Protein chains: 2
Amino acid sequence: MSDTMAGSNGQMGFSGTRAAAVVGISYRQLDYWARTDLVRPSLADASGSGSRRQYSYRDLLELRVIKSLLDAGIKLESVRKAFSYLRENVDADIAAATLVISGSDVLLCDGDTLIDIVRRGGQGVLNVLAIGSVKTDLDASLVELAQDAPAADLPAAQAG
Amino acid sequence: MSDTMAGSNGQMGFSGTRAAAVVGISYRQLDYWARTDLVRPSLADASGSGSRRQYSYRDLLELRVIKSLLDAGIKLESVRKAFSYLRENVDADIAAATLVISGSDVLLCDGDTLIDIVRRGGQGVLNVLAIGSVKTDLDASLVELAQDAPAADLPAAQAG
DNA sequence: CGGCGTAATTACGCGCCTGTGGTCATCGCA
DNA sequence: TGCGATGACCACAGGCGCGTAATTACGCCG
């Protein structure tokens with residue numbers, strides 16, 4: 001009936017269409033990003049026509065961060081570099097920190113470190129994004145769209 | 001002999017080619033930006049083939065700020081919006097402040113105000129750029145390139 | 001006044017990102 | 001096991017932001 005049925009472990013996935021709807025991007029963007037290796041669905045990748053991609057909650061968070069960066073006028077190419085860097089150098093819990101992009105340098109930091117960085121304010125542009133607020137917005141969108149897919153649990157348990 | 005001859009008032013202009021060289025962008029970019037109304041030369045605009053554009057020092061500063069934003073991965077379209085907003089709402093001395101772009105809001109602020117903004121860190125991306133450092137870099141580039149155009153005064157008198 | 005250098009103009013092409021539309025494999029369901 | 005819905009795949013189009021190259025016009029200088 002719905003593609004958001006909870007599995008036996010309570011960890012549900014999101015289909016491509018639903019992921020795009022929740023995040024607030026077009027399906028074509030989601031598709032393009034998946035096949036150009038920006039964000040691949042971590043639960044189930046596509047394997048030919050007719051297969052189904054399955055996005056995790058964490059994937060949605062990444063997608064939403066990317067959407068925020070795009071909305072802020074940042075080029076997709078730049079977003080790609082930032083995320084490839086992040087994936088190689090950071091495994092910390094992303095949701096708690098603030099993302100800072102400064103040229104080719106990317107880092108996650110907490111509030112005080114952030115103030116420090118901004119105060120010294122190198123010689124380039126700083127792109128600053130609080131992941132926490134992104135997560136809040138994402139959860140709100142999830143609750144909104146949950147009405148269309150009744151049997152799904154709300155993601156409250158995932159708040160970290 | 002040179003297109004950077006100082007006039008009787010000491011206020012010299014920069015040709016298109018030199019402006020591009022000093023700022024560090026291609027001539028095609030400068031040309032494109034001029035004819036699409038991003039930055040027009042304030043001393044003398046083009047008037048047909050064979051005419052000469054004349055950029056002021058202030059123009060160079062704007063161009064350099066734009067270059068910084070582009071280098072940071074910000075889309076030209078977004079830069080356009082920011083500058084059209086700035087030109088309509090702000091006549092303060094740009095060189096002293098910090099430029100902050102937050103979605104469709106653009107503002108110039110000093111150090112303390114900046115910290116305040118970052119601390120509360122709205123729900124989007126903040127693009128932060130200290131204009132002072134841009135000006136410093138620009139002046140350095142001017143001094144470097146002055147060797148190619150000997151008779152020109154250094155822009156030290158223009159420091160704000 | 002006629003060549004010469006500079007530079008603005010124009011035409012053309014490319015790569016990126018994305019929207020549109022159609023095709024086709026797969027899944028859910030009866 | 002066939003049928004309809006879903007969604008991945010593919011071909012194409014289009015705008016933006018330039019690069020490249022040729023063309024045209026101005027200004028200077030001999």
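Chain naming here is simple, since letters A, B, ... match the order of the sequence lines and numbering starts at 1 in each. Remember, it's a predicted structure, so these values are computed and weren't measured experimentally.
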Walk along nucleotides 12-20 of chain D from 5' to 3' and tag each nucleotide B, S or - by protein heavy-atom contact under 4.0 Å, base first, then sugar-phosphate.
-----BSBB
Could you tell me whether A/Arg53 contacts a base, only the sugar-phosphate backbone, or nothing, with contacts defined as non-hydrogen atoms closer than 4.0 Å?
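Sugar-phosphate, no base atom in range.
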Strictly distance-based, threshold 3.5 Å: is any side-chain N or O of A/Thr36 a donor or acceptor partner for the main-chain N or O of A/Tyr32?
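Indeed, once roles are kept as given, a pair shorter than 3.5 Å links the two residues.
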Could you pull out all residues at least two apart from [X] that satisfy salt bridge (Lys or Arg N to Asp or Glu O under 4.0 Å)?
| X | result |
| --- | --- |
| B/Lys67 | B/Asp71 |
| A/Arg35 | A/Asp31 |
| A/Arg80 | none |

Ignoring hydrogens and angles, state whether a donor on the side chain of B/Asp139 or B/Thr136 is under 3.5 Å from an acceptor on the partner side chain.
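No pair is found: no donor N or O on one side chain lies under 3.5 Å from an acceptor on the other.
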Please set out all donor-acceptor pairs under 3.5 angstrom arising from side-chain atoms of residues 110-117 of chain B, sequence neighbours excluded.
from     : atom 1 : to       : atom 2 : distance (Å)
B/Asp110 : OD1    : B/Thr113 : N      : 3.1
B/Asp110 : OD1    : B/Thr113 : OG1    : 2.5
B/Asp116 : OD2    : B/Arg120 : NH2    : 2.8

Whole-Å distance separating the [atom1] atom of [X] from the [atom2] atom of [N]:
| X | N | atom1 | atom2 | value |
| --- | --- | --- | --- | --- |
| A/Ile74 | C/dC17 | CD1 | P | 14 Å |
| A/Leu30 | D/dC9 | CG | P | 12 Å |
| A/Leu38 | C/dC17 | CG | P | 10 Å |
| A/Asp31 | D/dT6 | CG | P | 18 Å |

B/Arg87 with B/Glu62: basic N within carboxylate O range, under 4.0 Å:
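Yes, this pair counts.
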Nearest 0.5 Å please: distance from the OH atom of B/Tyr85 over to the CG atom of B/Asp105.
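The distance works out to 6.0 Å.
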Between the protein and nucleotides 24-27 of chain D, are there any N/O to N/O pairs under 3.5 Å, and if so, what are the atom names and distances?
from   : atom 1 : to      : atom 2 : distance (Å)
D/dT24 : O2     : B/Ser49 : OG     : 2.8
D/dA25 : O4'    : B/Ser49 : O      : 3.4
D/dA25 : O3'    : B/Ser49 : O      : 3.1

